[in-house]
Amino acid sequence: MRIRVHRGTAEIGGNCVEIEASDGRRVIIDLGRPLWATSADDVPLPAAVGLTSHDPTLCGIVISHPHLDHYGLLAKVSADVPVFIGAEASSLLRAAAYFSPVSADLEPAGHLVHGESLTVGPFTITPYLNDHSAFDAYSLLIQCDGRRVFYTGDIRGHGRKSRLFDALVADPPRGVDVMLMEGTHVRSDPATDGDTFETEADLETKFVDVLKATTGAVAVLGSAQNIDRLVTAYRAARRSGRQLVVDLYGATVAAATRSTIPQLGFPDLRVYVPQRQRVLVKDSGEFDRVKELGQARVYPEEMAAAPSRYVFYVPSSVAFELCRSGALDSTGAVVWSLWSGYLRDGSGKRLQQFLAERSIPFSTIHTSGHASVVDLQRLVEAVRPDRLVPMHSEATSRFVELFPNVERHDDGEWWDV
């Protein structure tokens, strides 16, 4: 068996790994769009045979989780290439596709299920459900030719599913020849090596503190696809005696996951349909999307009349509309619950200026979707791979200082397992 990483050995995101068996058949693990790419950038597919025209040696593409930097180039792939992904991840992406052209409406050839091995050509692939900010995310054990490769995908140990990380450390795959491990928080500055991250329970407490200290509405700006954060916001709202309001996109995504996730029909959960989404529904003629909201739908006039009743979990773009409608003013607050780097770009700066001009308090309450170095060290100690190959990091040169048996490879380089 041999491997080449098409993208990921020197950057965070855009993962793509090609694995070839001794008989020449291949599988691709993730096919991500790089994080640096804008919506206007035409990112080419990796130089892997069979992505755009039929080639019998390409047995399939396995997507570890539904984040754009891991699936974002699938739209360029020929429809006859089998794709494998978690069932709930596929459902989430299908639901999101109505609202976003960058999502994916897939017809998977098979689904990833925790602990259940599937066969893709000569490869036996065993998924391990993991703790990540993406819903239905997996690490993967790939076996072929008597060799074993463990691909961590994106993983953490401090989310609402941290028990999965602990279970993996307690009972890891054995006899791993190569471990391809993410290292988002392996930084060039060694001073960050000991950093730890707040849990979702910690964030829930902080949200409650803000909600109780604020007389007006509170808008938590986050990703609808960060299901952990949706749960955190909902629990904080109920603890504070408020109703949680999500937008139509967020409600649709939540309904595509599972019945235990806060969604339409849950107590104290309402749905607001922003102008852009109202136009989308009108243009598409899919009016049932708003009709089925029934009494759960909340309108700007209702929110503006009693802002202290509400906490919003919505995309950052909706904050402008909430302010202009009167639902959010200087008696309220805005909480940024996304990666802080987005605040440094043009839209993030415009948002902060807009809020400052209206004297609306602004703060950040967030935690990473990726493991700390300390937790990664726990994982490596548990798995004890013969070789550890760094990925998904901007400082892969530092892995050798932090972990044993490190072997670095460049993008595009074939190497033997």
Side-chain angles (χ1 to χ4, degrees), residues 35 66-68 92 96 100 131-135 137 154 156 158-162 184-185 195-214 216-240 242-247 249-251 253-254 257 261-263 268-272 274 307 310-323 327-328 332-345 347-352 354-356 360-370 372:
L35 291 177
H67 272 167
L68 196 63
L92 182 152
S100 172
D131 183 23
H132 183 43
S133 53
F135 195 68
D154 290 0
R156 65 177 174 179
H158 57 273
R160 289 200 171 273
K161 301 177 293 295
S162 60
T184 304
H185 289 296
D195 287 357
T196 57
F197 302 108
E198 293 179 300
T199 67
E200 289 291 329
D202 294 332
L203 266 57
E204 181 181 325
T205 299
K206 286 190 171 184
F207 283 148
V208 170
D209 290 343
V210 171
L211 293 172
K212 290 185 175 179
T214 305
V218 174
V220 177
L221 307 183
S223 168
Q225 296 189 28
N226 187 339
I227 303 300
D228 270 15
R229 197 61 43 81
L230 168 65
V231 172
T232 295
Y234 179 70
R235 288 172 57 89
R238 299 212 72 198
R239 285 174 59 186
S240 306
R242 296 188 184 227
Q243 294 183 343
L244 180 71
V245 178
V246 298
D247 67 339
Y249 170 46
V253 167
T257 56
I261 299 301
Q263 56 193 268
D268 297 320
L269 191 143
R270 309 288 297 279
V271 182
Y272 170 59
Y310 304 107
V311 53
F312 305 99
Y313 184 68
V314 292
S316 58
S317 58
V318 178
F320 298 93
E321 191 170 325
L322 293 174
C323 290
L328 183 62
V334 171
V335 176
W336 184 261
S337 200
L338 295 155
W339 178 53
S340 61
Y342 294 134
L343 292 173
R344 296 190 288 270
D345 66 19
S347 61
K349 290 178 179 178
R350 285 193 296 274
L351 172 66
Q352 292 173 88
F354 179 87
L355 297 173
I360 298 174
F362 180 83
S363 62
T364 297
I365 299 177
H366 183 56
T367 195
S368 178
H370 301 270
S372 66

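Remember, predicted model here, so these are calculated numbers, not experimental data.
In terms of modelled atom types and a separation under 3.5 Å, the side chain of His158 and the main chain of Ser368 share a donor-acceptor contact. Side-chain N or O atoms of Gln225 include none that pairs as donor or acceptor with a backbone N or O of Ser223 at under 3.5 Å. Checked by atom type and distance alone, the side chain of Glu321 never pairs as donor or acceptor with a backbone atom of Ser317 at under 3.5 Å. Side-chain atoms of Thr367 come within 3.5 Å of backbone N or O of Glu198 as a donor-acceptor pair. In this structure a side-chain-to-backbone donor-acceptor pair under 3.5 Å is present from Asp202 to Thr199. Distance alone, capped at 3.5 Å, places no donor-acceptor pair between the Ser240 side chain and the Arg242 backbone. Panel note: side chain Asp131, backbone Gly159; a donor-acceptor pair is recorded below 3.5 Å. Between the side chain of Arg238 and the backbone N or O of Asp268, no donor-acceptor pair lies under 3.5 Å. The main-chain N or O of Asp247 is never found under 3.5 Å from a side-chain atom of Tyr313 such that the two would form a donor-acceptor pair. Formation of a donor-acceptor pair under 3.5 Å by the Ser337 side chain with backbone atoms of Ile365 is found in this model.
Of all heavy-atom pairs between Ile360 and Cys323, the closest is CD1-SG, 3.5 Å. Nearest heavy atoms, Gly332 versus Pro361: O-CD, 3.1 Å. Across all non-hydrogen atoms, the minimal contact from Ala134 to Pro66 is CB-CD, 4.1 Å. Across every non-hydrogen atom of Val231 and Pro262, the tightest pair is CG2-CD, 3.8 Å. Summarising the geometry of Lys161 relative to His132, their closest heavy-atom pair is NZ-O, 3.5 Å, with the distance given to 0.1 Å. The two atoms that bring Ala254 and Ile261 nearest to each other are CB-CG2, 4.3 Å, heavy atoms only.
Residues Arg239 and Lys212 fail the side-chain proximity criterion, which asks for heavy atoms closer than 4.5 Å. Under the 4.5 Å side-chain criterion, counting only non-hydrogen atoms from C-beta, Leu244 is in contact with Leu230. Considering only heavy atoms from C-beta on, Thr364 comes within 4.5 Å of Leu343 through its side chain. In this structure, the side chains of Val253 and Phe135 stay at 4.5 Å or more apart for every pair of heavy atoms. Taking the side chain as every heavy atom from C-beta outward, Tyr272 and Leu322 approach each other to under 4.5 Å. You'll find the side chain of Arg160 stays beyond 4.5 Å of the side chain of Ile227, heavy atoms only. Put simply, the side chain of Ser347 does not reach to within 4.5 Å of the side chain of Tyr342, judged on heavy atoms. With contacts defined as side-chain heavy-atom distances shorter than 4.5 Å, the pair Ser133/His67 qualifies.
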Apply side-chain contact (heavy atoms from CB on, under 4.5 Å) to Val318 and Phe312, showing your working. CA-CA 10 Å; Val318 178; Phe312 305 99; over 6 Å; no

Candidate pair Leu355 and Gln352, rule side-chain contact (heavy atoms from CB on, under 4.5 Å), full reasoning: CA-CA 5 Å; Leu355 297 173; Gln352 292 173 88; 5.9 Å; no

side-chain contact (heavy atoms from CB on, under 4.5 Å), that's the test. Do Leu221 and Leu351 meet it? Break it down for me. CA-CA 11 Å; Leu221 307 183; Leu351 172 66; 3.7 Å; yes

Val246 and Leu269: side-chain contact (heavy atoms from CB on, under 4.5 Å), yes or no, with the steps? CA-CA 8 Å; Val246 298; Leu269 191 143; 4.2 Å; yes

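Taking the ring centroids of Phe354 and Phe320, they lie under the 6.0 Å cut-off.
The line from CZ of Arg156 to OG of Ser162 is 9.0 Å long, rounded to the nearest 0.5 Å. The CG atom of Leu338 lies 6.5 Å from the NE2 atom of His366; values are rounded to the nearest 0.5 Å.
Ring-plane geometry between Phe197 and His185 is classed as tilted, the angle between the planes lying from 30 to 60 degrees on a 0 to 90 degree scale.
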